Enquirer: 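Quick one: structure below, then a few questions.
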Amino acid sequence: QVQLVESGGGLVQPGGSLRLSCAASGFTSAYYGIGWFRQAPGKEREGVSYISRSSGGSSTYYKDSVKGRFTISRDNAKNTVYLQMNSLLPEDTAVYYCATRRAYGNGWYDPSDFGSWGQGTQVTVSS
């Protein structure tokens with residue numbers, strides 16, 4: 001059974017850090033591009049970061065507002081993709097999801113290109 005499970009969310013003060021994990025089971029995540037998305041209350045789901053499949057060099061991509069603060073990486077031995085989030089801001093508050101890329105029609109930031117969504121992990125940045 002193909003499954004992604006996110007973890008690592010929580011409550012953190014502005015300026016703090018969190019590391020999210022996206023653990024894959026039932027398939028080899030290295031063969032797929034993996035995206036991190038987030039959805040705040042009342043807003044659409046948006047692409048935050050993306051790492052291409054290992055055969056594509058594991059290239060990384062970021063939403064402009066998180067560049068320099070977030071880092072995506074993969075550990076193929078653990079079948080896991082990470083999102084290191086530093087210098088967190090209140091506007092980073094959202095449920096964060098990971099997903100596998102299934103199509104290449106609309107860009108890495110478009111949720112419609114992705115499937116096998118995890119259940120999400122809540123990130124709250126507040127003092």
Side-chain angles (χ1 to χ4, degrees):
Q1 181 183 359
V2 173
Q3 190 175 16
L4 292 174
V5 177
E6 302 96 335
S7 62
L11 173 63
V12 64
Q13 292 186 344
S17 298
L18 286 173
R19 188 178 79 157
L20 305 184
S21 298
C22 172
S25 60
F27 71 104
T28 302
S29 63
Y31 297 160
Y32 293 85
I34 303 292
W36 279 101
F37 294 79
R38 65 187 181 189
Q39 188 166 20
K43 294 188 176 182
E44 293 187 351
R45 191 169 297 189
E46 62 177 5
V48 175
S49 186
Y50 172 77
I51 186 165
S52 69
R53 52 196 174 194
S54 294
S55 63
S58 292
S59 300
T60 59
Y61 303 82
Y62 299 94
K63 177 180 173 62
D64 282 348
S65 63
V66 308
K67 284 180 181 177
R69 300 190 297 122
F70 291 11
T71 303
I72 191 170
S73 62
R74 59 165 81 237
D75 185 335
N76 292 335
K78 295 183 178 180
N79 214 20
T80 299
V81 171
Y82 302 99
L83 186 67
Q84 177 68 44
M85 305 188 298
N86 299 329
S87 302
L88 282 161
L89 303 169
E91 48 262 47
D92 295 319
T93 295
V95 178
Y96 283 70
Y97 302 87
C98 62
T100 59
R101 194 161 189 183
R102 299 300 180 84
Y104 290 82
N106 299 311
W108 69 263
Y109 44 82
D110 192 324
S112 65
D113 273 3
F114 290 78
S116 300
W117 294 87
Q119 83 290 346
T121 185
Q122 176 71 47
V123 171
T124 303
V125 184
S126 175
S127 55

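Positions are given from 1, in the same order as the sequence printed here. Only a predicted model underlies this, so the values are computations on that prediction, with no experimental measurement involved.
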Enquirer: Using a side-chain heavy atom cutoff under 4.5 Å and only I, L, V, M, F, W and Y, what cluster partners does Tyr82 have?
Expert: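 Members alongside Tyr82: none; it stands by itself.
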Enquirer: Enumerate the salt bridge (Lys or Arg N to Asp or Glu O under 4.0 Å) contacts for residues 68-89, please, sequence neighbours excluded, ordered by first and then second residue.
Expert: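 As it turns out, the salt bridge (Lys or Arg N to Asp or Glu O under 4.0 Å) pairs with a partner in residues 68-89, which skip direct neighbours, are Arg69-Asp92.
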Enquirer: Say you draw a straight line from CG of Leu89 to OG of Ser126; how long is it, rounded to the nearest 0.5 Å?
Expert: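 Rounded to the nearest 0.5 Å, the CG-OG separation comes to 12.5 Å.
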Enquirer: Search all heavy atoms of Gly115 against all heavy atoms of Ala99 and return the closest pair with its distance.
Expert: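 Scanning both residues, the minimum pair turns out to be O-CB, 3.4 Å.
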Enquirer: Of the non-hydrogen atoms in Gln119 and Val5, which two are nearest, and what is the gap between them?
Expert: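 Nearest heavy atoms, Gln119 then Val5: OE1-CA, 3.8 Å.
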Enquirer: Taking all non-hydrogen atoms of both residues into account, name the closest pair between Asn79 and Ala30 and its distance.
Expert: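 Scanning both residues completely, I find the closest heavy atoms to be OD1-N, 4.4 Å.
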Enquirer: For Glu91, look at atom CD and say whether over 12 heavy atoms of other residues, nucleotides or ligands are found less than 6.0 Å away.
Expert: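 Atom CD in Glu91 is packed in, count exceeds 12.
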Enquirer: For the residue pair Arg38 and Ser65, what are the closest heavy atoms and their distance?
Expert: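 So the minimum-distance heavy-atom pair works out to NH2-OG, 3.8 Å.
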Enquirer: Looking at OG1 of Thr71 and CG of Asn86, how far apart are the two atoms once the value is rounded to the nearest 0.5 Å?
Expert: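 Between atom OG1 of Thr71 and atom CG of Asn86 there are 6.5 Å.
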Enquirer: Which heavy atom of Ala23 sits nearest a heavy atom of Thr80, and at what distance?
Expert: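 Scanning both residues completely, I find the closest heavy atoms to be CA-OG1, 3.9 Å.
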Enquirer: So, for Ser52 and Gly57, which heavy atoms are closest and what is the spacing to 0.1 Å?
Expert: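 The pair with the smallest heavy-atom distance is OG-C, 4.2 Å.
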Enquirer: Does some side-chain heavy atom of Gln84 sit less than 4.5 Å from a side-chain heavy atom of Ser17?
Expert: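 Yes - at least one pair of side-chain heavy atoms lies under 4.5 Å apart.
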Enquirer: Does any N or O in the side chain of Asn106 come within less than 3.5 Å of the main-chain N or O of Asp113, such that one atom is a donor and the other an acceptor?
Expert: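 Checking the backbone N and O of Asp113 against the side chain of Asn106, no donor-acceptor pair under 3.5 Å is found.
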Enquirer: For residues Thr100 and Arg102, is any side-chain donor paired with an opposing acceptor at under 3.5 Å?
Expert: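 Note: Thr100 and Arg102 side chains meet the donor-acceptor criterion.
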Enquirer: Give the other cluster members for Leu4, using side-chain heavy-atom distances under 4.5 Å between Ile, Leu, Val, Met, Phe, Trp and Tyr residues; answer none if it is isolated.
Expert: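 Besides Leu4, the cluster holds Val2, Val12, Leu18, Leu20, Phe27, Tyr31, Tyr32, Ile34, Trp36, Val48, Ile51, Tyr62, Val66, Phe70, Ile72, Val81, Leu83, Met85, Leu88, Tyr96, Val123, Val125.
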Enquirer: Are Tyr97 and Phe114 close enough that some pair of their side-chain heavy atoms sits under 4.5 Å apart?
Expert: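 No, every pair of side-chain atoms sits at 4.5 Å or beyond.
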Enquirer: Distance from Thr93 atom OG1 to Gln122 atom CD, nearest 0.5 Å?
Expert: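 Thr93 OG1 to Gln122 CD: 7.5 Å, rounded to 0.5 Å.
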